[in-house]
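In what follows, every chain begins at residue 1, and chains take the letters A, B, ... in the order their sequences are listed.
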Amino acid sequence: EAGVTQSPTHLIKTRGQQATLRCSPISGHTSVYWYQQALGLGLQFLLWYDEGEERNRGNFPPRFSGRQFPNYSSELNVNALELEDSALYLCASSLVTNEQFFGPGTRLTVL
Amino acid sequence: GEDVEQSLFLSVREGDSSVINCTYTDSSSTYLYWYKQEPGAGLQLLTYIFSNMDMKQDQRLTVLLNKKDKHLSLRIADTQTGDSAIYFCAEIDQYSGGGADGLTFGKGTHLIIQP
């Protein structure tokens with residue numbers, strides 16, 4: 001069974017640009033979670049999508065947004081990039097809330 | 001809000017047992033987790049325990065939960081070099097909007113294996 005996949009592996013952008021990160025969940029999973037792992041800040045919950053709807057978001061500004069497609073894959077968009085957005089962005093999928101399986105992450109570097 | 005605390009480093013000899021500890025504050029936590037992260041990789045779900053359990057064992061891994069003290073531990077028996085990684089403790093309150101806040105993680109414990 002294929003695990004959670006994320007693309008791209010690495011992404012380099014400059015301040016003010018937009019970044020788009022993609023996530024494909026495990027087959028059959030309907031929920032996708034996004035987390036940010038920034039140096040010194042640890043892992044923080046960003047967004048939760050389930051059945052195509054945004055169910056909740058963490059304590060992040062509105063320039064962090066995303067969507068979930070009918071095939072349950074998901075996209076995270078970060079607008080007006082700032083230096084402190086540099087982080088590893090992890091996606092997790094689940095069928096039930098108590099089991100979240102993570103992808104390898106996308107390393108975003110903002111110059 | 002919820003808070004999860006872990007010590008930053010643990011050094012053990014190869015072949016010994018490793019015990020990684022975690023404390024949490026949210027008494028509503030329903031599930032508690034241990035994830036493993038190797039360098040440059042994502043998180044691997046090792047095991048989890050429901051809050052009404054005291055212990056769970058899975059091969060070399062033993063999870064102990066002291067709900068009264070809000071203390072969770074992960075014991076790795078016969079620690080090997082491949083166990084070298086960062087171990088994250090995490091919790092979720094399943095009944096707070098159906099897990100709407102996602103997982104709350106500790107800062108992670110770096111497990112260092114000495115030969």
Practice task
Can you tell which part of B:Gln37 gets under 4.5 Å to a heavy atom of chain A, answering side chain, backbone, both or neither?
Solution key: side chain
Practice task
Examine the side chains of A:Thr20 and A:Asn77 and answer whether a donor and an acceptor come within less than 3.5 Å of each other.
Solution key: yes
Handout entry: Side-chain donor-acceptor contact under 3.5 Å, A:Ser7 with A:Arg22
Key = no
Exercise for the section: Before giving the answer on side chain to side chain donor-acceptor pair (under 3.5 Å), spell out for B:Glu14 and B:Thr79 the whole-Å C-alpha distance, their side-chain angles and the decisive distance to 0.1 Å. Expected result: CA-CA 5 Å; B:Glu14 191 175 356; B:Thr79 308; over 6 Å; no
Problem - Carboxylate-amine/guanidinium contact A:Asp85 A:Arg63, below 4.0 Å - result: yes
Practice task
For the residue pair B:Asp78 and B:Gln80, confirm or rule out a side-chain donor-acceptor distance under 3.5 Å.
Solution key: yes
Problem - Side chain / backbone / both / neither for A:Gln6 at chain B, heavy atoms under 4.5 Å - result: neither
Handout entry: Residues of residues 101-111 of chain A with any heavy atom under 4.5 Å of a heavy atom in chain B
Key = A:Phe101, A:Phe102, A:Gly103, A:Pro104
Problem - Donor on one side chain, acceptor on other, A:Gln36 and A:Tyr89, under 3.5 Å - result: yes
Exercise for the section: Can you tell which part of A:Leu43 gets under 4.5 Å to a heavy atom of chain B, answering side chain, backbone, both or neither? Expected result: both
Exercise for the section: Scan side-chain atoms only and decide if A:Gln100 and A:Tyr35 contain a donor-acceptor pair under the 3.5 Å cut-off. Expected result: yes
Exercise for the section: Tell me, for B:Leu45 versus chain A, whether the close heavy atoms (under 4.5 Å) come from the side chain, the backbone, both or neither. Expected result: side chain
Handout entry: B:Asp58-B:Thr47 side chain donor-acceptor pair, cut-off 3.5 Å
Key = no
Problem - Option that, when pairs with chain A are counted at under 4.5 Å, heavy atom only, ranks first among B:Gly40, B:Ala90, B:Ala41, B:Gly42 - result: B:Gly42
Handout entry: Short side-chain donor-acceptor distance under 3.5 Å, A:Glu99 and B:Tyr48
Key = yes
Handout entry: Residues in residues 66-73 of chain A that sit under 4.5 Å from chain B, counting heavy atoms only
Key = none
Exercise for the section: Taking the side chain as every heavy atom from C-beta outward, state whether B:Tyr87 and B:Leu46 have any atom pair closer than 4.5 Å. Expected result: yes
Exercise for the section: Sort A:Leu41 into side chain, backbone, both or neither according to what part of it lies under 4.5 angstrom from a heavy atom of chain B. Expected result: backbone
Exercise for the section: Check whether any side-chain heavy atom of B:Leu10 sits under 4.5 Å from a side-chain heavy atom of B:Ser18, and report yes or no. Expected result: yes
Exercise for the section: Report yes if the distance between the aromatic ring centroids of B:Phe88 and B:Tyr35 is under 6.0 Å, otherwise no. Expected result: no
